[in-house]
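Atoms within each ligand, like the ligands themselves, are counted from 1 in listed order. Along the sequence shown, residues are numbered consecutively beginning with 1.
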Amino acid sequence: MASPKKKLQGLVAATITPMTEHGEINFSVIGRYVDYLVEEQGVKNIFVNGTTGEGLSLSISERCRVAEEWVTEGRNKLDQIVIHVGALSLKESQELAQHAAKIGADGIAVIAPFFLKPWNKDVLINFLKEVAAAAPALPFYYYHIPALTGVKIRAEELLDGIQDKIPTFQGLKFSDTDLLDFGQCVDQNRQQQFAFLFGVDEQLLSALVMGATGAVGSTYNYLGKKTNQMLEAFERKDFSSALNHQLIYMKRSYLILGRSQSSSLGCSSPLQQTLRKLSFAFRDLSTLWSN
Ligand SMILES: CC(=O)N[C@@H]([C@@H](O)[C@H](O)[C@H](O)CO)[C@@H](O)CC(=O)C(=O)O
């Protein structure tokens with residue numbers, strides 16, 4: 001069975017895929033991006049080619065090259081690199097999984113197929129199982145994001161007995177606001193030592209209360225340091241201070257500002273260019289950034 005070097009926990013930055021203004025991937029900034037995460041944000045785990053990284057908008061060869069670059073640049077600097085390998089085509093997903101194993105990633109994650117959708121738990125598990133089997137030495141994470149996939153199968157239902165079907169299953173990336181489902185996942189799998197990684201950054205504190213062991217999100221690219229302070233406050237049971245942190249990071253200005261900040265790293269996908277225009281309205285808030 002796959003076992004990670006150590007359990008994936010704490011903050012995991014869902015990385016942006018840097019693009020040039022001509023729509024090509026800007027590989028040249030990834031090394032700098034790694035240093036920024038580690039040195040400025042105190043974040044040493046990353047989630048590549050996910051929602052934030054717009055993995056599903058990239059070609060398969062682009063996804064492979066992006067994954068390779070992160071693994072190369074992150075070597076000896078990052079703790080864990082998880083590659084999202086979900087795709088509509090099972091074969092493509094398996095190809096990406098094999099590639100992640102070949103380049104030395106630390107884990108793979110997969111979303112539910114979202115066009116012709118699995119209609120029940122067993123169909124979804126079978127898809128995930130086939131992908132996981134293509135990389136039998138890599139820890140496997142299910143990426144639950146029902147608002148985007150439209151696949152509403154409850155994570156708690158999916159996790160029931162999952163390791164019997166997917167021996168490499170190591171955890172759940174839960175990007176949904178249903179804290180009842182999340183809490184039940186944690187509660188019903190206490191013996192399993194799974195990683196429960198929460199993915200709605202604005203609600204992380206509530207998820208910690210429900211038993212989250214870590215978090216994957218876009219805001220940890222630029223609020224990593226501050227969110228680590230919230231985790232520390234929670235750890236020492238200083239809930240009032242933890243709540244103060246969470247209330248500040250819930251502000252919309254922080255979310256938009258973060259997207260615009262990414263452009264200073266040379267990260268500028270078409271989506272980010274649109275957001276950057278929006279962000280001019282928030283320019284005055286840039287002082288918040290360094291506070
Ligand atoms: C829908 C979405 O993009 N959700 C983000 C959150 O980090 C989100 O950006 C954050 O909570 C701000 O709204 C993550 O769950 C996505 C993620 O981890 C990924 O990029 O794969």
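Closest heavy-atom approach to atom 20 (O) of ligand 1 among the candidates Leu204, Ile111, Thr52, Leu223: Thr52. Comparing heavy-atom distances from atom 13 (O) of ligand 1 across Gln203, Glu202, His84 singles out Glu202 as nearest. Of all the listed residues (Asp201, Val12, Thr51), Asp201 holds the heavy atom that lies closest to atom 10 (C) of ligand 1.
Applying the 4.0 Å criterion to heavy atoms of Ser175 picks out, from ligand 1, the atoms 15 (O). Annotation for ligand 1: atoms under 4.0 Å from non-hydrogen atoms of Gly199 are 5 (C), 6 (C), 7 (O), 14 (C), 15 (O). Atoms of ligand 1 found under 4.0 Å from any heavy atom of Gly217, numbered from 1 in the order shown, are 7 (O), 18 (O). Close contacts between ligand 1 and Ala14 involve ligand atoms 17 (C), 18 (O), 19 (C), 20 (O) [criterion: under 4.0 Å to a heavy atom]. Residue Tyr143 has at least one heavy-atom neighbour below 4.0 Å for each of these atoms of ligand 1: 16 (C), 17 (C), 19 (C), 21 (O).
With Asn189 contributing its side chain and Gln192 its backbone, the two residues share no donor-acceptor pair below 3.5 Å. Although no hydrogens or angles enter the test, the distance criterion places no donor-acceptor pair under 3.5 Å between the side chain of Lys173 and the main chain of Phe47. With hydrogens and angles disregarded, a donor-acceptor distance shorter than 3.5 Å links the side chain of Gln246 to the backbone of Glu202.
Counting only N and O atoms by type, the side chains of Thr51 and Tyr143 include a donor and acceptor under 3.5 Å apart. Side-chain contact of Asn221 with Tyr33: a donor-acceptor pair under 3.5 Å is present, judged by distance alone. Side-chain contact check for Gln170 and Tyr141: no donor-acceptor pair (N or O, by modelled atom type) lies under 3.5 Å.
If you look at Phe174 and Phe196, their ring centroids are not closer than 6.0 Å.
Residue Phe47 has no N or O atom closer than 3.5 Å to an N or O atom of ligand 1.
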